[in-house]
> 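My structure is below; once you've seen it, I'll send some questions.
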Amino acid sequence: MSETTRHSRESYDVVVIGAGGAGLRAAIEARQQGKRTAVISKSLFGKAHTVMAEGGAAAALGNVNAHDTWEVHFRDTIRGGKFLNNPRMAELHAKEAAQRILELEYWGALFDRTPTGTISQRNFGGHEYPRLAHVGDRTGLELIRTLQQRVVQLQQADAAELGDPEAMLKVYAETTITELVKDGERIAGAVGYLRDTGEVVVFEAPAVVLATGGIGRSFKVTSNSWEYTGDGHALAMRAGATLINMEFVQFHPTGMVWPPSVNGILVTESVRGDGGVLLNSERRRFMFDYVPDVFRSHYAETEAEADGWYSDPDNNRRPPELLPRDEVARAINNEVKEGRGSPHGGVFLDVSSRMPAEEIMRRLPSMHHQFKELADVDITAEPMEVGPTCHYVMGGVEVEPDTGASLVPGLFAAGEVAGGMHGSNRLGGNSLSDLLVFGRRSGMGAAAYLDELGEERPALSEEAVAAATQSLLEPLERDSGESPYLLHQEIQNTMNELVGIIRNGPEMEQALEALAELDKRVAEVRAEGGRAYNPGWHLALDLRNMLLVSEAIARSALRREESRGGHTRDDFPHMSSQWRRVTLVSHLTEDGVGLRQQPLDELRPDLLNLFERDELAKYLTEAELAMADARKE
Ligand code: FAD
């Protein structure tokens, strides 16, 4: 073995790539099922999007409004996703989210309380009842803290029993996986590098769980941090798995817009959930102008009714500021386009005129701190300026709902990297509950796969390891080539400008051409410097993932000729019932990303019965509606 290809080699039953909520919950489960498990994270342990989650985790505990049940949560989720969600995933999620929150409490999570001492729940867009279990606006921090504490508990038990805290569950921080390796059709392990030394690491494992989160860094304006380059999506595709629904990207309506250095940083939906209102330059609550027909009967028509809802939700309808995110983002986009925006190209989000300063400080401490520190704005005294920011990807690895298994034997996925659960648009709060429910299920799925596998395990060949090692070292070995930073900027600009919040056919074709050109240039990218702590090299490796994911997004978005959820086309501005049951599946071909169509599973009659016929008529084709009627009879 040459000096450059020398590597350390570790062997596990299950390797979990990603240490956010989904990864930690999967790793805990696999370890609890008796499997020797590694959990790997690209950044520091505990630094993941999950820790940044502010508003809360949605679960029908029914603590604040006793009418809430899993059925209502299921209905809201399907409505939010515009009837494109995988029905089985949405059902499992709605049924199991409450158990997962209570389990967290049992493991030590300290949620905010109601006056009677139960877990408090707050309002969020698209949720019929107050449903988000929260800890002020720092919920993700408590969630990660609790899961990490559970990891430590399990490690302490292993120390006592086996003499080594890492005997059964080991964390590898600042370790990036760049390739999955297979033996024939089956997963055999993963290859990556350590950030601090650049040393190559090889993990031999028959089961790999992807829990790598999102893709936001492919867009210029994003709430996502540097790790979110779509690695898991790309690793899965390169290993032969499929992605679904990649055209659906969520632009959160409220990111910071000023100063430029913080453009895109998230302003939590809790600001609106707790009473904040959106105003245009005329200081008018413009969201009343943007309630679409499909939601009209559920939303207030006057400010008095909207304001009345906060204290008397049984006799008033919800404020339109709490429409699902896709609706609010499009409305803000339109106000700005029509010249009614704020000075820096957003709109105003005001909480200062809605509640006393002490109340704002109690409910939204992080937001107060964020605006004071980053923009010198005191949100207790003046409005914030906000605009849409790329936030979440609904599309992801196609998985079997009950186990998280992808089409590749031994490869599982959970959390944001998995597709299907949220349909065309995710409701706020449904990600934290998604990652708990499906993180656990994928850990169980991986353990069950191993039990079936028995003693006969896939082998990790030295040739495959050498090829993966070679490709990760290439950018460092080139004598010439472009800077990864410039190429990254071009990908981000292409996606933001041509495949952003409002799309059309010619622009997306232009984007695909630009991405194809960038693909050639990225193949020759050069990273200067050595292997130790070299962010330019790391970015050079991330670029090919961003490109692959961007191509999947652009191709799927060009193919879907309608507007729905996180996919809006001004050349096809309406939702089409013909497209509702079409799932676009992305897979890797020799010429890049290929697409095929497959039908979405039908809703079972008992689940269909949760909706009024009038509502179904807005989404289903005539034939589907007739079938639904026949099944109801
Ligand atoms: P993440 O928590 O994103 O973790 C991904 C992990 O994968 C990280 O450890 C990362 O280092 C690792 N990783 C990635 N690539 C690699 C690689 N190649 N090799 C090794 N490791 C890798 N959702 C809600 O439900 N409620 C909220 O209130 C909420 N607020 C949010 C606020 C912000 C600012 C943001 C950005 C998101 C928010 N979301 C919220 C969304 C939610 O936080 C995320 O969707 C969710 O946390 C994703 O969890 P995950 O476990 O799938 O991945």
Side-chain angles (χ1 to χ4, degrees), residues 15-27 38-59 97 122 124 131-135 137-141 143-144 147 171-180 190-193 195 201 203 209-217 222-235 250 252 254-256 264-270 273 325 366 370 389-394 396 413-418 421-422 426-436 438-439 442 538 541-542 545:
V15 164
V16 179
I17 308 175
L24 287 178
R25 190 61 192 84
V39 57
I40 301 172
S41 90
K42 195 168 170 176
S43 44
L44 294 169
F45 190 48
K47 154 88 179 59
H49 271 170
T50 303
V51 88
M52 291 157 72
E54 294 156 357
R122 66 157 48 111
F124 241 55
R131 189 175 284 144
L132 270 67
H134 58 274
V135 185
D137 56 2
R138 297 183 179 127
T139 311
L141 181 62
L143 199 142
I144 284 285
L147 291 173
V171 176
Y172 292 82
E174 300 210 279
T175 305
T176 304
I177 296 300
T178 53
E179 216 63 75
L180 298 176
V191 176
Y193 63 87
R195 272 174 75 73
V201 272
F203 294 90
V209 179
L210 294 172
T212 48
I215 58 99
R217 297 305 288 188
T222 179
S223 64
N224 286 199
S225 63
W226 64 268
E227 305 94 309
Y228 296 94
T229 49
D231 296 4
H233 291 74
L235 287 169
Q250 182 168 81
H252 193 292
T254 58
M256 292 177 81
I265 291 185
L266 194 75
V267 179
T268 175
E269 191 168 325
S270 318
R325 288 176 177 172
S366 300
Q370 179 174 314
T389 178
C390 174
H391 183 57
Y392 185 89
V393 62
M394 272 67 73
E416 189 169 342
V417 70
M421 160 66 208
H422 305 284
R426 173 178 73 86
L427 292 186
N430 269 1
S431 174
L432 292 190
S433 39
D434 161 359
L435 57 86
L436 292 171
F438 294 105
S442 64
H538 305 157
L541 295 170
D542 294 341
N545 298 336

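Quick note: numbers below take in every heavy atom, side chains included, and nothing from hydrogens, waters or symmetry partners. Just so you know, ligand 1 is whichever comes first in the structure, and atom 1 is the first atom listed for that ligand. The chain is numbered in sequence order, starting from 1.
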> Can you list the residues that meet the ring-ring contact (aromatic ring centres under 6.0 Å, His included) rule with H134, with sequence neighbours excluded?
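H134 satisfies ring-ring contact (aromatic ring centres under 6.0 Å, His included) with no residue once adjacent residues are dropped.
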
> The criterion is side chain to side chain contact (heavy atoms under 4.5 Å, CB included); which residues satisfy it with S223, sequence neighbours excluded?
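Testing S223 for side chain to side chain contact (heavy atoms under 4.5 Å, CB included), a comparison that skips the adjacent residues, returns L266, T389, H391.
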
> I'd like to know if R138 and E54 make a salt bridge, using a cut-off of under 4.0 Å between side-chain N and carboxylate O.
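No.
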
> According to side chain to side chain donor-acceptor pair (under 3.5 Å), who are the partners of R217, at least two apart in sequence or on a separate chain?
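Expected list: none.
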
> If we only count heavy atoms from C-beta on, is the Y392 to H49 side-chain gap below 4.5 Å?
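They are not in side-chain contact.
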
> Measure the acute angle between the ring planes of Y172 and F203, then classify it against the limits of 30° and 60° as parallel, tilted or perpendicular.
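Ring orientation, 0 to 90° scale: perpendicular.
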
> Using a 4.0 angstrom limit on heavy atoms, which residues are close to ligand 1?
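Within 4.0 Å of ligand 1, protein side: I17, G18, A19, G20, G21, A22, I40, S41, K42, S43, A48, H49, T50, M52, A53, E54, G55, G56, T175, T176, I177, A211, T212, G213, S223, Y228, D231, L266, H391, Y392, G415, E416, R426, G429, N430, S431, L432, L435.
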
